[in-house]
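Quick notes on the structure that follows.
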Amino acid sequence: MTSFEVDSLEGYALAELRREWGYEPDERIVVIGNIRAAKLPDGKTIYFLEDLKHASSFSSLRYPHVAINGSHSAFIGPVLPQGFDLQAKYLWALAELTLSPKKEREKHKNPYQCNVVRGTLRPLSEMPKDWHFTVRGPATVALLETAVHDAIMARANKSTASQIASIKAKLNVEQRNLEAASSALARALSHQATADARLADTENQYRDALRKLDLQRDKYEKEKALMEARLSSLAELAERKGERLHALGLLDADDLKRLRDPHPPAANGLSLAEAFDGDFSRLAPHVQAVLWSRNLMYTQDRIRNFLALTRTSDLVILAGDSGSGKTSMVKAVAQALGAICEIIAVKPNWTGPEDLIGYFNPVERKYQSTPFLDALLRAEADPNRLHFILLDEMNLARVEYYFADFLSYLETRDRLPEIPLFTQDEERHVLMENGIFLSIEQEARLKAKLDEGATIEDLLTDETANNFLTLFGGFKNTESILAHHARLRRGLSGVLSTRSTLSFPANVRIMGAVNMDDTTHSLSPKVLDRAHVLRFDNPFLTDWEAIENEIEPLELTDALQILPEEFGARTDYPAFDRTLPAAEFLARLARVLDPLGVEFGYRAIRQGLGYLQGAQEAGLTEREALNNIILMKVLPKLTLDLGRVMPDGRPRREQLLALRDLLAEEFADDLDYLDDSCVQRLEGLAATADANNGLASYWVR
């Protein structure tokens with residue numbers, strides 16, 4: 001045995017062969033050779049690998065200790081693998097060798113005879129980097145030429161392939177550019193078609209608006225005629241019998257004056273057109289400067305947002321802790337605009353609409369009014385001035401109980417809503433009873449020869465007049481004349497002070513102030529769906545220096561009195577146009593909110609789009625306004641138990657994070673300049689959920 005410690009003759013032969021040919025023990029015997037084809041007598045062809053060379057050193061290999069006639073070769077077999085060109089002059093190949101079967105070695109009297117290991121034969125397509133050539137004869141030179149030729153061809157092919165790849169890449173780029181240009185052209189044509197469609201739609205909407213305006217004008221004229229006809233009885237009664245009604249104590253002097261001279265007071269300040277050429281966006285800096293002069297600090301964006309909200313004619317809810325500046329802002333802005341601000345304190349025992357707008361008392365035959373209704377009536381009598389009505393501590397009682405009917409009234413957008421108070425029959429009864437009494441008392445005066453200035457006391461103290469009234473008035477066996485007089489007075493006063501139907505004044509804006517604690521009620525989805533929630537934080541967290549840097553010098557020294565029509569008319573919400581980026585984004589937002597059980601539907605989106613228009617007119621950018629929609633219309637609806645799962649089995653927290661990701665992507669470029677970011681608000685809401693047993697709520701601090 002040798003130092004390789006083989007334990008068989010075959011192992012010995014392989015070890016000897018490796019040693020002689022310069023391979024390491026147990027190294028695979030990989031060689032290079034030229035393929036030769038041999039024809040057998042039966043016509044078949046077999047292949048051999050001749051002129052064997054070491055795969056690394058390129059040295060020639062010969063079987064050791066054996067005299068062999070012909071070349072030292074290795075048997076391949078009757079079939080060559082694919083990839084060999086049988087027409088080539090040289091078929092050089094790379095292969096691994098192993099000992100031939102014992103029978104073949106004995107046949108050829110060569111204990112080292114080798115066969116090519118099946119599956120290892122492959123064409124020699126490139127020259128190995130570690131080859132070292134030694135020119136020893138024609139075959140070696142030929143092999144060298146072939147190797148060099150193949151290497152050159154390989155590089156050429158590689159270069160050609162590279163050029164082809166480069167050309168293909170350029171063609172691909174050109175193809176993509178062409179496709180992009182085609183797509184851009186298609187989009188441009190689509191946009192043009194969309195623009196044409198929108199123009200046509202706008203023209204149709206304009207024509208529809210004109211038709212609606214004509215219908216509204218006709219309806220207004222009819223309603224005006226009906227109202228004048230209804231009031232003509234009162235006016236006629238006041239004109240013909242006003243002095244007698246006053247003398248008899250049935251009509252006060254103020255009521256008589258109001259009937260005879262119903263003209264409202266004129267404006268006594270500068271309108272928006274006079275002060276700022278009708279530019280609504282110039283109003284916020286002026287209001288901010290006025291408030292700052294009164295030591296009230298609000299950012300300009302906050303004031304622009306508040307002014308935009310008042311233009312919507314929707315319910316605006318101001319949310320925040322006591323002392324956060326909710327009521328102060330409404331009162332101060334109203335004063336700066338020349339508007340009237342009325343504060344109505346909500347009581348915890350309010351349970352129905354009668355607590356808000358009153359009810360008709362059949363015993364006293366008059367309408368029992370409320371401070372809220374009185375505020376509406378004062379606004380109606382003062383149509384040239386804006387009136388802000390603020391329901392203070394709005395959620396001390398359940399809002400949906402006492403305010404549900406009024407929410408429905410506020411949803412009427414194509415006209416001013418009509419608020420029924422009591423039936424018109426009562427008015428007719430009052431007018432008829434007063435007319436009859438005046439006729440009877442006139443006859444009584446004539447019988448008693450009393451003048452036109454006779455009072456009820458004069459009639460009662462005069463025997464002739466008293467007897468006539470008692471007899472012909474039917475008071476002998478029924479109620480007394482004084483009781484009847486008191487009933488007539490109450491009835492007439494009630495009809496004059498409160499009409500049976502109140503048309504909601506166009507100059508009124510309804511607001512509510514809420515805070516969330518143990519003494520208040522949460523706001524229902526119905527209320528939140530129809531309102532805008534403006535949140536107020538602790539004023540001591542405000543960057544006062546930043547606000548002072550915003551303050552602009554006052555342009556006006558005269559007081560303002562913005563006319564109601566300059567603040568925007570009550571119109572229908574914009575139609576949902578999904579081609580608009582803002583509408584498309586809000587629709588995507590609704591789809592993310594739905595698995596959380598949060599409804600953000602058609603009405604809320606259209607309401608948000610209506611606010612978007614007013615906000616831009618107030619000087620906010622579209623991005624700022626869109627951010628405000630999330631803050632005011634979406635986040636207040638979030639009250640989620642993150643420990644629960646959604647209908648599809650996924651945790652709610654996962655969907656809340658998806659909502660955050662959607663907002664973060666949408667407002668990624670706006671976070672640095674937004675005064676109050678919806679993304680940061682939502683992240684704060686999610687962060688506080690862990691400290692509140694998994695409850696993620698806009699209303700929990």
Side-chain angles (χ1 to χ4, degrees), residues 309-319 326-327 330 334 339-360 367-381 383 386-423 498-514 520-534 564 567-573 603-604 606-607 610-611 632-633 636:
L309 288 172
T310 58
R311 301 200 77 181
T312 64
S313 296
D314 296 323
L315 172 63
V316 179
I317 295 177
L318 314 176
K326 306 184 295 294
T327 305
V330 177
I340 299 297
C341 178
E342 304 236 22
I343 310 296
I344 309 298
V346 174
K347 300 295 189 294
N349 61 346
W350 285 13
T351 57
E354 64 276 0
D355 294 312
L356 183 71
I357 59 174
Y359 63 95
F360 183 79
Y367 196 85
Q368 299 294 330
S369 188
T370 62
F372 183 79
L373 180 59
D374 292 341
L376 290 178
L377 294 173
R378 283 192 290 272
E380 182 188 45
L386 278 168
H387 283 247
F388 294 167
I389 301 179
L390 177 66
L391 296 172
D392 198 22
E393 301 290 346
M394 186 182 194
N395 59 335
L396 277 179
R398 291 194 177 276
V399 178
E400 60 273 18
Y401 287 178
Y402 70 85
F403 205 70
D405 291 347
F406 221 84
L407 276 175
S408 300
Y409 298 146
L410 293 178
E411 283 190 85
T412 304
R413 304 296 302 187
D414 57 344
R415 64 185 185 280
L416 291 174
E418 296 289 332
I419 305 171
L421 300 178
F422 57 92
T423 64
T498 308
R499 298 190 304 276
S500 61
T501 300
L502 173 66
S503 181
F504 184 80
N507 58 332
V508 169
R509 301 296 184 269
I510 305 294
M511 304 172 191
V514 303
T520 60
H521 300 277
S522 60
L523 300 176
S524 68
K526 177 180 180 179
V527 175
L528 292 174
D529 194 52
R530 292 160 174 79
H532 305 269
V533 178
L534 181 59
F567 233 70
R570 176 183 293 272
T571 59
D572 199 4
Y573 298 125
R603 180 201 296 107
R606 291 184 63 203
Q607 197 177 46
Y611 161 80
M632 299 185 300
K633 297 290 297 176

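Annotation: side chain of Ile340 is not in contact with side chain of Arg378 (no heavy-atom distance under 4.5 Å). Glu342 places none of its side-chain heavy atoms less than 4.5 Å from the side chain of Pro371. Side-chain contact check for Glu411 versus Leu407: every heavy-atom pair is 4.5 Å or farther apart. Residues Ser524 and Val399 have side chains not in contact (no heavy-atom distance under 4.5 Å, counting atoms from C-beta outward). Contact of the Met511 side chain with the Val330 side chain is registered, since non-hydrogen atoms from C-beta on lie closer than 4.5 Å.
Judged by distance alone, with hydrogens and angles left aside, the side-chain atoms of Tyr611 form no donor-acceptor pair with the main-chain N or O of Thr312 at under 3.5 Å. Listed for the Asn395 side chain is a donor-acceptor partner under 3.5 Å among the backbone atoms of His521.
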Val527/Met394 under side-chain contact (heavy atoms from CB on, under 4.5 Å): CA gap, chis, key distance, verdict: CA-CA 12 Å; Val527 175; Met394 186 182 194; 5.7 Å; no
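The residues Lys347 and Asp355 are annotated as not salt-bridged, no charged nitrogen and carboxylate oxygen being separated by less than 4.0 angstrom.
Of all non-hydrogen atoms in Pro564 and Asn507, the two that sit nearest each other are CG-CB, 3.5 Å. Of all heavy-atom pairs between Pro348 and Ala397, the closest is O-CB, 3.8 Å. Across all their heavy atoms, Arg570 and Pro417 have their closest contact at NE-CD, 4.0 Å.
Under the side chain to side chain donor-acceptor pair (under 3.5 Å) test applied with Arg413, the options Asp572, Asp314, Thr571 reduce to a single match, Asp314.
Remark: Tyr402 engages Trp350 in a ring pair (Phe, Tyr, Trp, His ring centres under 6.0 Å) (not counting sequence neighbours). Contacts of Tyr573 classified as ring pair (Phe, Tyr, Trp, His ring centres under 6.0 Å), with partners at least two apart in sequence or in another chain: none.
Ring geometry for Phe504 versus Phe406: interplanar angle over 60°, hence perpendicular rather than tilted (30 to 60°).
Counting non-hydrogen atoms of neighbouring residues, nucleotides and ligands closer than 6.0 angstrom, the OH atom of Tyr409 exceeds 12 such neighbours.
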